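As the structure is a prediction and not an experimental result, all values here were calculated from the model. Atoms within a ligand are numbered from 1 in the order they appear, just like the ligands themselves. In what follows, every heavy atom counts, from backbone to side chain, and hydrogens, waters and symmetry copies are set aside. By convention here, the first residue in the shown sequence is residue 1.
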Amino acid sequence: MRFHVLTLFPSMFDSPFAESIIARARKEGLIDIEVHDIREHADGPHRSVDDYAFGGGPGMVMKPEPIFKAAEAVRSLSNFAEDSPVVLLSPKGRRLTQRVAEELSEHEELMLICGRYEGVDERVRQHLATDEISIGDFVLSGGELAAMVVIDSVSRLVPGVVGSMESTQDDSFTTGLLQFPQYTRPAEFRGWRVPDILLSGNHAEIARWRREESLRTTFLGRPELLESADLSAADRAFLEELRRP
Ligand code: SAH
C-alpha cells in the first residue's frame, strides 16, 4: 500500500515512520510513504502558499493552486489512479474509527492532504478531495499529525505489517469491544499479583476470563460500544450480572 502525503512540513514525517512496525513494513516493501512538499509547487519569487481570507478576519488560508499542482504531479509522476481516495485532513471531516481505517486499508494507495494555518481553500475540499477525515473533536495546528495517525492505523491492517507476535485480532474496536487487561512477568510485582487464572494453563478458562474482562472494561468505559457489538447469549448474561446493583 502506498501513501502520498502533501504537506508544507515534509521533515515532520521522518522520525515517526523510522521506528518499529512501520519502519519494518517500509523496509519489507509492504507499505510505501512518499512525502511531497506543497511549496515546491508554488510560483513566484517567494513561493507563497497562503494568503489572507476573503471577507477578512485573522489568519491565513492555504491557496488552492499549489495543492492542486502537487496532487496533479502525484497523479502524473506516480501514476496515482483516478479513483483512489484523496483525503483531506480536517476537523470538519468524518471521524476516524477502526471501521474507517479498515475501509481505507482496502485501497492500494491514498493521498493525504495536510492543512495548516486557518485551513485550506474550500475549493480543495470541493473539487480535489474525495474524502475528509478528522481524528477527533479538537483542533490541531496542522494536518500532519492527523495524517500520521491515519497512516499508522491503516498500515497496521495491511496484511503482514503486524506480525503474529503483535496480532491485531484481539485489538480494541476490532472485536467491537475494548481489549481485556494484559499482564507480563513477573507474576507478582510490588505485592500486586497477576490474576491466578492467567497462570493456570487452562486455555478455555483463560479465554472465558478474557472475554468477560473485555465486556467489563467496555461496560465501564465505553458502554455505547456494546450496542453494536456482536454478543453471544453468554456475553449478554454476563452483562446482566454487571448491571445488577
Ligand atoms: N480553522 C479550522 C481549523 C484549522 S487547523 C477550523 O476551525 O475548522 C489547521 C489544519 O490542521 C487543518 O486544515 C487540518 O488539516 C488540520 N487539523 C486540525 N484539527 C484536525 C483534526 N481534528 N483532524 C484532522 N485534521 C485536523
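- With hydrogens left out, the protein atom closest to atom 1 (N) of ligand 1 is E118 O, 2.9 Å, a heavy atom.
- Atom 24 (C) of ligand 1 has its nearest heavy-atom neighbour, among G115, A53, S90, in S90.
- Residues M148 and P16 meet the side-chain proximity criterion, which asks for heavy atoms closer than 4.5 Å.
- Residue L140 holds the heavy atom nearest to atom 19 (N) of ligand 1 of all those in L88, V124, L140.
- Remark: R39 does not engage D37 in a salt bridge, criterion side-chain N to carboxylate O under 4.0 Å.
- Considering backbone and side-chain atoms alike, A146 places every N or O at 3.5 Å or more from each N or O of ligand 1.
- For R116 and D50, the salt-bridge test fails: no basic side-chain N is under 4.0 Å from an acidic carboxylate O.
- Atom 22 (N) of ligand 1 has as its closest protein heavy atom F138 O, 2.8 Å.
- The distance criterion of under 3.5 Å between nitrogen or oxygen atoms is not met by I113 with respect to ligand 1.
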_Step-by-step side-chain contact (heavy atoms from CB on, under 4.5 Å) determination, M12 to F9_ = CA-CA 6 Å; M12 280 184 75; F9 299 97; 3.9 Å; yes
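- Of the protein's heavy atoms, P91 CD, 3.7 Å lies nearest to atom 26 (C) of ligand 1.
- Heavy-atom proximity to G143, at under 4.0 Å, picks out these atoms of ligand 1: 11 (O), 15 (O), 16 (C).
- The atoms of ligand 1 that sit less than 4.0 Å from any heavy atom of K92 are 8 (O).
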Sequence neighbours excluded and cut-off under 3.5 Å, please list the side-chain donor-acceptor pairs for residues 198-205, or say none.
residue	atom	partner	partner atom	Å
S200	OG	I197	O	2.6
S200	OG	N202	N	3.1
N202	OD1	A204	N	3.3
N202	OD1	E205	N	3.2

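- Between F80 and H4, the ring planes lie perpendicular to each other; the angle is over 60°, past the 30° to 60° tilted range.
- Residue Y117 has at least one heavy-atom neighbour below 4.0 Å for each of these atoms of ligand 1: 4 (C), 5 (S), 9 (C).
- The closest side-chain heavy-atom distance from M62 to I38 is below 4.5 Å.
- Per-residue contacts place G142 under 4.0 angstrom from the following atoms of ligand 1 (heavy atoms of the residue considered): 10 (C), 11 (O), 16 (C).
- Residues E240 and R236 are not paired through a salt bridge, judged by the lack of any N-O separation under 4.0 Å between the basic side chain and the carboxylate.
- Using a cut-off of 4.0 Å between Lys/Arg side-chain N and Asp/Glu carboxylate O, D171 and R156 are scored as salt-bridged.
- Below 3.5 Å of separation, one finds no N or O of V139 facing any N or O of ligand 1.
- The shortest separation from a heavy atom of I133 to ligand 1 is under 4.0 Å, placing the residue in contact.
- Listed by atom number, the atoms of ligand 1 under 4.0 Å from G119 heavy atoms are 13 (O).
- Protein heavy atoms are absent from the 4.0 Å sphere centred on atom 7 (O) of ligand 1.
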